Structure formats: structure tokens, C-alpha cells
Novice: 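To start, I am sharing the structure in question, which I have written as C-alpha cells.
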Amino acid sequence: MALVLGIETSCDETAAAVVDEDFHIHSSVVESSIDLHRAFGGVVPELAGRAHVATIGPVVRRALADAGLEPGAPALRGIAVTSGPGLIGSLLVGLSTAKALALAWDLPFVGVNHLEGHLFAPLLESRDLAWPVMTLLVSGGHSLIVLQRGPGQHEVLGETIDDAAGEAYDKVARWLGLGYPGGPEIDRLAQAGSSAALKLPVSMIGEDFDLSFSGLKTAVVRATQLHADVALADVAASFQAALVEQLLRKLRQALERHEVAGVALAGGVAANSALRAGVTALAREFALDVHLPTMAMCTDNAAMIAAAGLYRLDASGPSDLNLSARPNWRLADVA
Ligand code: KG4
Ligand code: ZN
């Protein structure tokens with residue numbers, strides 16, 4: 001059984017995992033440095049990079065041990081590592097580690113696009129899913145609508161032209177004086193609020209599939225300045241309703257234009273309760289399978305990187321040892 005070690009260090013999670021060719025997860029370890037960043041209201045790149053340096057060794061060792069592998073010379077098919085997009089200092093820690101281990105253990109290694117990794121997350125939980133799948137990939141750094149014809153065969157239909165969905169959550173939360181990351185907090189507050197309290201715009205309702213959340217963020221700031229008496233839960237509910245509405249409208253448009261067998265959510269914002277409910281309802285309406293990753297598979301982890309790496313090792317072959325990190329590597333440019 002071919003096993004791949006995955007390594008992920010693109011943002012604030014230091015993660016390692018072992019996955020087999022049938023996409024069974026043998027181990028998955030995730031350490032987050034989020035507590036270091038909270039006081040600053042967002043991830044501080046330098047702190048994240050230093051935390052990765054301290055954590056990557058123990059995390060890889062634990063992933064190998066949990067999978068029952070020999071720490072000195074593990075029987076692996078190869079090593080997969082996120083080589084972009086992400087924070088340059090953070091990416092370099094994972095990439096250098098993967099290269100060093102590949103050299104020491106005489107194994108092939110492959111650089112994986114972090115967003116392609118997110119696209120493999122649903123596959124780790126529903127292995128026999130029917131293709132094609134329309135995927136809404138929404139995280140702290142990216143928001144895309146992707147038509148997937150099979151594993152690793154993806155066409156980006158649209159993406160955000162400004163803020164990512166998670167970024168909008170985090171910025172609005174910061175404006176409201178809530179903690180970081182803001183998504184889970186706003187989601188929790190919204191459940192007790194009224195979405196009719198504030199009238200907020202649902203932007204980008206044209207014919208294309210591009211997304212935009214910057215106007216909504218500004219509208220929340222203006223509305224809360226004008227109506228300072230509106231309860232926090234009501235602001236949260238109004239903002240969440242407008243943001244989810246935009247995502248669902250675009251997803252609906254994509255489903256009307258492209259025939260698919262299923263619809264999937266991926267990325268950190270896929271943990272959102274309103275979005276999960278909305279996508280489930282949309283899938284039912286279009287009579288499609290729905291793939292909602294568990295919370296652990298929504299957020300950054302290395303199992304999804306190992307899965308994408310398994311595919312890439314076969315489809316594109318191993319990477320060269322002089323591979324560079326690509327902080328702005330777009331999914332549309334993945335060959
Ligand atoms: O995919 P992820 O773990 O990291 C990136 O690659 O960006 O996503 C993190 C993002 C953060 O912006 C966080 O606020 C958001 O996901 N998030 C949520 C929820 N849980 C996490 N946003 C909305 N509702 C949630 N329940
Ligand atoms: Zn991510």
C-alpha cells in the first residue's frame with residue numbers, strides 16, 4: 001500500500017499527515033500558532049514562520065509514529081508539501097523540511113498547490129463521489145467557484161476580485177470588537193440575531209461567477225455607524241445573511257449553467273452553519289449529491305495535501321529539488 005507523507009505550513013497551521021493511495025488517512029497532526037496572533041487581530045507572518053520552525057520536527061515525527069512508521073527510514077511512496085500560495089516565510093519552512101527529508105530518505109517529493117489540496121478534502125471523506133462536482137472553495141485567503149471534472153481536473157469559473165469570504169468575516173469581526181478569527185464568532189452570534197435588522201447590499205449579482213466582499217464590509221461599517229443601537233447579534237446575522245446570499249446566488253448560477261453530479265464545500269468558511277444549510281438546500285433543489293467536509297477537513301490540514309500529492313506524483317511526476325515557494329500561485333495556473 002503506497003503511503004504519502006503530507007506537510008502543510010502555508011499559514012498558521014503546522015501540519016503533517018500520512019495518507020494511502022485509496023485516500024485513507026493513517027495519521028493527521030495539526031498544531032496551530034493562532035494563540036500567538038490573537039492579540040494582533042490577524043496572523044503575523046514573522047511569528048507564524050518562527051512557530052513553524054519550532055513545531056515542524058515534532059509534528060512530522062508524531063504523524064509518522066501515529067501511522068506506525070519507522071521514524072528513521074519510513075516506507076513511503078513520497079513526500080508532498082504545500083509550495084504555494086501562502087506566507088513566504090511559512091511556506092519555506094515546510095518546503096525546506098520536505099526537501100531535506102526527501103534527500104535523507106531518498107524519496108521523491110512534490111510541491112502541491114494549497115487550493116488544490118482543499119479541493120481534495122471532500123474526497124478523503126466520500127471516496128466514491130460521482131463527477132463532475134461544483135465546488136465552492138471559501139477560506140481566509142481565497143474564494144473561488146470551481147468546476148471539477150475529476151480529481152485534479154479543475155476549471156476556475158470565478159473568484160473574488162477583492163477580499164476573500166473569510167477575510168470579510170475577520171475584518172467585520174475586528175470592526176465589531178470580536179476576537180480573531182472572526183468567522184466562528186460571527187456565525188455563533190448570528191444564530192441569535194435577526195438578519196432583517198440591517199439592510200445590506202448583495203453585491204456582484206451579474207452574469208459572471210466573480211465574487212466581491214469589500215463593498216459589504218464597508219456597508220457594515222457605515223450601517224453600524226448610522227444605527228449604533230442595533231444589537232451585535234443582529235449585525236452579525238445581517239452581515240452573514242448578505243454574504244451567504246451572494247455565495248449561494250453565484251453557486252446557483254454556476255449550477256444552472258453547468259451540469260454536475262454533486263456540489264461540494266471546501267475551505268475554512270465551509271464550517272459556516274448558514275452556508276452549509278444553504279448549500280444543502282440548493283443541492284436538494286437541483287437533486288445533486290452534497291459533499292460537506294467535517295470541520296477538521298474544512299480548515300487547513302496536511303491530509304488534503306498528501307491526497308493532492310498522491311495525484312500529482314502520478315499525473316505530473318515529482319518536483320525538482322530546486323523548486324521555489326510560490327506565495328501567489330493561482331489554482332488556475334496549476335498544470
Ligand atoms: O481555510 P482556512 O483554515 O485558512 C485559510 O487557508 O485561509 O480558513 C480560515 C478562515 C478564517 O477567515 C475564519 O474566520 C473562517 O475561515 N471561518 C469561518 C468559520 N470558521 C472559520 N467563517 C465563517 N463561519 C465559520 N463558522
Ligand atoms: Zn486553507
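Remember, it's 1-based here, ligands and their atoms both numbered in the order they're listed. Note that the coordinates shown come from a computational prediction; the quantities given were computed from them, not determined experimentally.
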Novice: I'd like to know if the side chain of D210 and the backbone of G158 have a donor-acceptor N/O pair within less than 3.5 Å.
Specialist: no
Novice: I'd like to know if the side chain of Y169 pairs up with that of Q240 as donor and acceptor (distance under 3.5 Å, no hydrogens or angles considered).
Specialist: yes
Novice: Considering residues at least two apart in sequence or located in another chain, which fulfil the salt bridge (Lys or Arg N to Asp or Glu O under 4.0 Å) criterion with E285?
Specialist: R252
Novice: In residues 315-334, what donor-acceptor pairs under 3.5 Å come from side-chain atoms, sequence neighbours left out?
Specialist:
unit_1	atom_1	unit_2	atom_2	d
S316	OG	R312	NH1	2.8
S319	OG	G111	N	2.9
R330	NH2	E159	OE2	3.3

Novice: Is a donor on one side and an acceptor on the other found under 3.5 Å between the side chain of Q253 and the backbone of D208?
Specialist: yes
Novice: Run through ligand 1 for me and note each protein residue having a heavy atom under 4.0 Å from it, chain first, then residue number.
Specialist: H114, H118, S139, G140, G141, G166, Y169, D170, P181, G182, G183, P184, D187, G267, G268, V269, A271, N272, T299, D300
Novice: How long is the gap from CG on L119 to CG on N113, to the nearest 0.5 Å?
Specialist: 8.5 Å
Novice: For the Zn ion (ligand 2), what is the number of protein N, O or S atoms at a distance under 2.8 Å?
Specialist: 3
Novice: Should the pair Y311 and F120 be assigned to parallel (<30°), tilted (30 to 60°) or perpendicular (>60°) ring geometry?
Specialist: tilted
Novice: For the residue pair M134 and L157, establish whether any side-chain heavy-atom pair is separated by less than 4.5 Å.
Specialist: yes
Novice: Does the ring centre of Y180 sit less than 6.0 Å away from the ring centre of F40?
Specialist: no
